[in-house]
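Shown next, in structure tokens, is the structure this report addresses.
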Amino acid sequence: MTPLVRFGVSLEEDLLGRFDEHLKSKKYTNRSEAIRDLIREELVKKQWQEGKEIAGTITVIYDHHKRELVNKLTDIQHDFNGIIISTQHVHLDHYNCLEIIAVKGRPKAAQELADMLKAVKWVKHTTLSMSSTGRNI
Ligand code: NI
């Protein structure tokens with residue numbers, strides 16, 4: 001762990017007031033932790049924009065009774081096996097499945113995989129959670 005550094009920040013009183021209200025609603029107990037998270041948020045965004053190695057998850061909700069759909073989703077995932085590090089399948093109810101696909105690699109490939117899964121007919125919902133490998137943030 002690198003040493004902690006203190007630095008001063010000047011900003012408008014109103015803005016600080018709104019920030020403090022925001023921190024309270026987000027359950028932060030101090031400004032430092034909230035500012036650390038904001039900085040990391042920006043750094044992770046930058047990693048995605050600059051094509052650095054990233055990690056994240058893709059969540060897919062679909063009806064497994066559509067047999068062709070299940071094969072299609074599996075085919076797509078096999079084409080992206082270089083970035084998929086894990087998958088978890090949850091049977092939500094009689095019809096609906098939730099699949100969580102963990103990815104690590106290039107942002108472009110992760111985005112492309114999410115887009116391809118989303119575009120499959122009968123897929124009900126897809127999200128891509130853009131996170132980080134935890135390095136350099
Ligand atoms: Ni299922």
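Every number for a ligand or one of its atoms is a count from 1 in the order of the listing. Heavy-atom basis, side chains included; hydrogens, waters and symmetry copies ignored. Start at 1 with the first residue, then count along the sequence.
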Check your understanding: Is any side-chain heavy atom of Ile137 closer than 4.5 Å to a side-chain heavy atom of Gln47?
Key -> yes
Check your understanding: Which N, O or S atom name in His89 marks its closest approach to the Ni ion (ligand 1)?
Key -> NE2
Review point. Taking everything shown except Glu13 itself, do over 12 heavy atoms lie less than 6.0 Å from its CD?
Key: no
Check your understanding: What N, O or S atom of His91 is found closest to the Ni ion (ligand 1)?
Key -> ND1
Review point. In terms of ring plane angle, is the pair His64 and His91 parallel, tilted or perpendicular, where the classes change at 30° and 60°?
Key: tilted
Review point. Please walk me through it: do Asp37 and Tyr28 pass side-chain contact (heavy atoms from CB on, under 4.5 Å)?
Key: CA-CA 10 Å; Asp37 279 354; Tyr28 283 105; 2.6 Å; yes
Exercise for review: Would you check if the Ni ion (ligand 1) lies under 2.8 Å from any N, O or S atom of Cys97?
Suggested key: yes
